[in-house]
Amino acid sequence: MKKGSQYLWYKHPAKEWVEAMPLGNGSLGAMVFGGVDTETVGLNLDTLWSGCSHGYKVENKLEHFKEARRLILEDKKVEARNYIADNLTGDDCEWYLQLGKLTLTSMKHMCPREYKRDLDIENAVATVHYTASDTVYDRECFISHPDKVLVYKLTANGKNKLDFKAMINCELRHEVSVENGTYILDGICPTHIEQVKNKPVCTYEDGDRQGVSFRCAFTVETDGKVKNNKNHIHISEAGYAVIYLSAESNFESWDKPTSKSRKDYKNICSKRLAAAREKGFGKLKEDHTEDFSGYFNRVSISLGESKKDNVPTDRRIHDFLHSKKNDNNLYCLLFNFGRYLTISASREGSQAMTLQGIWTFTMCSPWRSNYTVNINTEMNYWPTLMCSMPEMYKPLIDFIKEITVSGRETAEKYYGMKGSCCHHNVDLWRITTPSKGNPVWSFWSLAGAWFTRHLYEYYEYTLDTDFLRDTALPIMEENARFCLDMLIDDGNGNLIFCPSTSPENEYFVGSKMTSVSKTTYMTMEIVTDLFLNLQAVYGILGKETDLGKEIGEALPRLLPFKQGKDGGLMEWYYDEKGFDKHHRHVSHLYALHPANIIDVDRTPELASYARKTLENRGDGGTGWSLGWKINFWARLRDKDKVIKLINNQLRYIPPKYKPGRGGTFPNMFDAHPPFQIDGNFGATAGISQALMQSFGNRILVLPALPDQWSDGHIHGLTAKGGAKVDIDWADGKLKKLVLDGKGDYEIVYNGKSQIVSIDGKKDVDFQ
């Protein structure tokens with residue numbers, strides 16, 4: 001039996017998408033169902049979106065913005081909200097699309113025995129095993145990042161042979177040809193999709209508004225017979241068959257029409273397949289596992305003895321709801337699975353992870369499977385740096401660069417401001433304007449400012465001053481310029497960013513609800529965080545600028561945090577009554593996490609307000625909301641709440657779910673429900689935060705260690721400053737701490753603090 005912390009397994013094929021096993025190399029994704037008579041492998045390619053470059057024209061909305069601001073400053077709250085809905089929202093973003101489904105049909109393996117399918121998340125290999133008619137059938141599937149191909153090997157040992165038809169089913173406009181044993185599907189994505197009565201209505205256009213073109217092709221190596229048909233390849237009398245599959249599109253850049261693309265994407269597919277066949281299954285697998293495990297094994301975790309590793313993963317999650325005893329390895333699996341998804345879905349050169357990573361299952365996915373940038377995209381990358389995967393951060397950095405460029409026009413045309421801004425939804429074409437819909441989510445312009453925290457943190461973890469100077473600083477300055485221009489005096493001497501909303505919450509005005517406020521505390525916290533971080537950057541680089549002086553003058557005048565009558569932090573400019581006291585968003589605790597403006601030691605009074613806010617919100621929520629709350633409680637160093645929220649996130653959600661509370665699907669995907677990948681990353685980050693936190697050169701060791709995790713270790717985490725941290729503990733007490741890096745660090749454990757200087761690997765003694 002493989003390690004239960006690095007291994008998912010099941011006794012039956014997947015019937016639903018949230019039971020299938022995910023594979024990916026950053027760009028190409030797959031969901032392996034493990035079917036017997038018919039095998040299905042869902043396929044995704046990260047650049048397959050509806051839409052086209054320059055599909056959105058940013059209209060001049062300045063006069064409408066001025067009117068909306070006038071209304072809210074006159075405390076006409078409902079009127080301001082309605083005016084914004086009618087005049088300051090724009091186009092919807094486009095859809096992330098499924099490439100199709102690789103299907104292997106008519107395999108005639110009735111009544112299988114000893115069925116087992118599994119996913120080894122250390123090596124990113126999915127396998128299927130069963131016996132039927134005195135024949136043993138085995139399969140292995142992986143997606144190689146070094147060779148950019150999906151590889152699926154099937155074998156039959158016994159009296160029967162493999163006999164199946166292979167083809168790709170695709171909902172997009174396409175043509176199929178079979179040439180010399182190679183199946184070729186050439187397709188094109190729609191320029192636009194409208195969902196009418198839950199069905200997609202696609203529009204295809206030519207010229208500069210032409211959609212993304214793509215090719216998906218596979219070839220089969222076998223010792224059996226191969227027959228080419230019009231729409232499939234038939235394999236028969238085979239002891240083994242290896243399918244090599246590649247996909248590529250003509251997408252080059254968000255700001256370049258695909259009709260002008262010079263990318264030889266069809267030939268790229270052909271060359272990959274030829275190279276894969278020449279290299280062969282064994283070497284492909286060797287190079288793939290070496291590549292993947294090299295990242296995965298940078299971090300290891302143990303949380304004590306576990307007696308449930310021999311229980312199938314779906315049953316294991318289901319049983320965990322009723323009894324959490326003797327299965328600490330499930331916590332480890334949750335932690336490791338988030339790291340697995342990061343390596344699978346975000347690699348250098350790929351697109352950043354969407355709301356569903358790279359895995360989506362239909363033409364019209366939930367919430368368009370887009371970039372939801374008021375929390376979800378940001379959460380996708382919370383564990384990446386602390387879990388020692390800086391390479392997987394590169395797609396996010398590229399994404400931030402691109403929305404900064406597209407956001408300049410939005411800042412100018414919508415607000416008459418300098419700099420750059422970005423609203424709630426983004427797609428492949430880097431729309432930054434407010435989407436069509438309720439201002440409670442659409443009219444929120446702080447995504448760009450929030451993302452600057454990711455840039456600053458990348459520097460904090462890597463100490464890459466070239467990156468800080470050349471990449472982070474210009475983007476931070478553009479967003480700071482926009483925020484400065486948006487600030488006005490509230491009449492009481494405070495500077496506020498006006499107007500704003502608190503994603504995605506509303507409050508009562510009499511019997512009516514509205515969302516627009518003079519400002520919100522999340523907004524002011526993001527502005528404060530950006531200004532403080534930019535000041536730090538100027539200090540690190542030894543720069544003095546006029547912008548820096550303006551920030552220095554503005555900071556002491558920013559609206560201060562306030563306690564509401566419910567004892568928690570206020571959410572809106574006035575102490576309003578929210579329509580849902582248990583709302584899933586707790587946006588006004590941004591200052592606690594991911595920022596560190598609120599801190600248990602430095603700002604104990606504000607920390608007490610944050611605690612009360614969380615108590616008022618409750619311990620329920622959707623999957624991603626539970627993930628954020630784990631991190632909040634870890635920052636407050638509340639071990640009991642940390643474990644309670646992790647347990648809540650591990651609630652079993654069946655494949656045929658009903659809308660309601662969040663949890664975990666049988667394949668370990670986070671259940672909003674439906675599937676949202678951010679909850680997986682929130683949980684991984686939260687477990688990390690419970691065991692180690694770092695701020696500047698300050699490292700907190702075991703700050704929120706749950707009693708249930710009395711014995712264990714975590715090795716290979718990265719602290720800010722770049723030091724690698726190994727922690728071992730027993731009976732709830734630190735036993736060994738090893739740092740590997742360079743510099744001076746303040747180590748804090750159990751209320752004690754000491755300064756440690758390291759130049760290489762060093763044991764730190766806290767006895």
Side-chain angles (χ1 to χ4, degrees), residues 3-5 299-309 311 316-317 319-338 383 386-387 592-593 600-601 604 607-608 610-612 614-615 617-621 626-652 663-664 682-694 699-715 717 725-737 747-753 764 766-767:
K3 288 183 181 178
S5 61
V299 175
S300 66
I301 187 172
S302 172
L303 295 174
E305 183 181 1
S306 189
K307 298 180 180 179
K308 301 288 186 179
D309 291 356
V311 178
R316 191 177 180 187
I317 302 169
D319 292 349
F320 191 82
L321 180 68
H322 307 289
S323 174
K324 305 170 189 67
K325 297 179 181 179
N326 301 320
D327 198 9
N328 279 6
N329 250 353
L330 188 59
Y331 298 116
C332 298
L333 182 60
L334 180 66
F335 172 82
N336 285 331
F337 190 62
M386 68 178 74
C387 289
L592 175 65
H593 182 275
V600 171
D601 295 324
S608 71
R611 173 180 289 275
K612 185 62 177 177
L614 289 170
E615 290 172 350
R617 275 291 202 264
D619 298 328
L626 297 171
W628 199 357
K629 288 176 182 178
I630 297 168
N631 288 270
F632 285 141
W633 284 115
R635 285 285 176 90
L636 292 173
R637 306 179 202 171
D638 190 318
K639 61 183 181 180
D640 295 328
K641 283 290 191 178
V642 164
I643 196 67
K644 181 176 182 180
L645 267 298
I646 296 174
N647 290 342
N648 285 352
Q649 188 147 32
L650 281 169
R651 287 184 299 227
Y652 177 81
T664 298
T684 297
I687 292 170
S688 301
Q689 295 264 349
L691 302 176
M692 191 272 286
Q693 297 174 27
S694 64
I699 300 175
L700 278 60
V701 178
L702 304 179
L705 177 68
D707 293 339
Q708 192 168 332
W709 302 350
S710 58
D711 302 287
H713 76 254
I714 188 160
H715 294 168
L717 291 180
V725 182
D726 293 350
I727 307 170
D728 293 75
W729 65 93
D731 296 325
K733 297 179 180 179
L734 178 65
K735 291 299 180 184
K736 187 175 183 179
L737 174 64
I747 311 300
V748 180
Y749 170 67
N750 198 26
K752 298 179 181 179
S753 172
V764 180
F766 259 94
Q767 301 301 320

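Remember, predicted model here, so these are calculated numbers, not experimental data.
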With R635 via salt bridge (charged side-chain N to carboxylate O under 4.0 Å, His left out) - residues at least two apart: none
Heavy-atom closest contact (V600 atom, A607 atom, distance): CA-CB, 4.0 Å
Heavy-atom check, side chain of Q689 versus side chain of F632, under 4.5 Å: no
Output for pair (D327 CG, D309 CG), nearest 0.5 Å, gives 7.0 Å
Between T684 and P383, which heavy-atom pair has the shortest distance, and what is it? CG2-CB, 3.7 Å
In chain order, what residues pass the side chain to side chain contact (heavy atoms under 4.5 Å, CB included) check against D731, with sequence neighbours excluded? D711
Output all residues satisfying side-chain hydrogen bond (donor to acceptor under 3.5 Å, both in side chains) with R651, sequence neighbours left out; order by chain, then residue number. none
Could you walk me through whether L702 and K733 pass side chain to side chain contact (heavy atoms under 4.5 Å, CB included), step by step? CA-CA 9 Å; L702 304 179; K733 297 179 180 179; over 6 Å; no
Give the C-alpha distance, both sets of side-chain angles, the deciding distance and a yes or no for side chain to side chain contact (heavy atoms under 4.5 Å, CB included) between L737 and V725. CA-CA 7 Å; L737 174 64; V725 182; 3.8 Å; yes
Counting distance only, does the side-chain N/O of W628 pair as donor-acceptor with the main-chain N or O of H593 below 3.5 Å? yes
Residues that S710 engages under side chain to side chain contact (heavy atoms under 4.5 Å, CB included), provided they are two or more places apart: none
Side chain proximity check, I699 to M692, heavy atoms < 4.5 angstrom: yes
Side-chain contact, heavy-atom cut-off 4.5 Å: I714 with I687? no
List for me each residue that meets side chain to side chain contact (heavy atoms under 4.5 Å, CB included) alongside D619, sequence neighbours excluded, and say none if there are none. W633, K641, K644, L645, N648
For S302, enumerate each residue passing the side chain to side chain contact (heavy atoms under 4.5 Å, CB included) test, keeping only those at least two apart in sequence or located in another chain. H713
Excluding sequence neighbours, so at least two apart, what forms ring-ring contact (aromatic ring centres under 6.0 Å, His included) with F335? none
Contact check, side chains of Y652 and D319, non-hydrogen atoms, under 4.5 Å: no
Please enumerate all residues that pass salt bridge (charged side-chain N to carboxylate O under 4.0 Å, His left out) together with R611, with sequence neighbours excluded. D638
Considering only heavy atoms from C-beta outward, does the side chain of L330 approach that of R316 to under 4.5 Å? yes
Test log, rule side chain to side chain contact (heavy atoms under 4.5 Å, CB included), inputs W729 and L691: CA-CA 10 Å; W729 65 93; L691 302 176; 3.9 Å; yes
For a salt bridge (charged side-chain N to carboxylate O under 4.0 Å, His left out) check, start with the C-alpha distance between D726 and K736, then their side-chain angles and the critical distance, and finish with the verdict. CA-CA 8 Å; D726 293 350; K736 187 175 183 179; over 6 Å; no
Would you name the heavy atoms of S5 and N329 that are closest together and state the gap between them? CB-OD1, 3.6 Å
Test side chain to side chain contact (heavy atoms under 4.5 Å, CB included) on N750 and L734 and set out the steps. CA-CA 9 Å; N750 198 26; L734 178 65; over 6 Å; no
Taking the side chain as every heavy atom from C-beta outward, state whether I301 and Y331 have any atom pair closer than 4.5 Å. no
Taking the side chain as every heavy atom from C-beta outward, state whether L303 and Q708 have any pair of such atoms under 4.5 Å apart. no
Please examine the side chains of L717 and C387, heavy atoms only from C-beta on, and report whether any two atoms are closer than 4.5 Å. yes
Set of residues satisfying salt bridge (charged side-chain N to carboxylate O under 4.0 Å, His left out) with respect to D601, sequence neighbours excluded: R637, R698
Closest heavy-atom pair and its distance - K629, G618: NZ-O, 3.0 Å
If only atom types and distance count, is the side chain of Q693 paired as donor or acceptor with the main-chain N or O of A634 below 3.5 Å? yes
If every non-hydrogen atom of P706 is compared with every non-hydrogen atom of I643, which pair is closest and at what distance? CB-CB, 3.9 Å
For the residue pair V642 and A704, what are the closest heavy atoms and their distance? CG2-CB, 4.1 Å
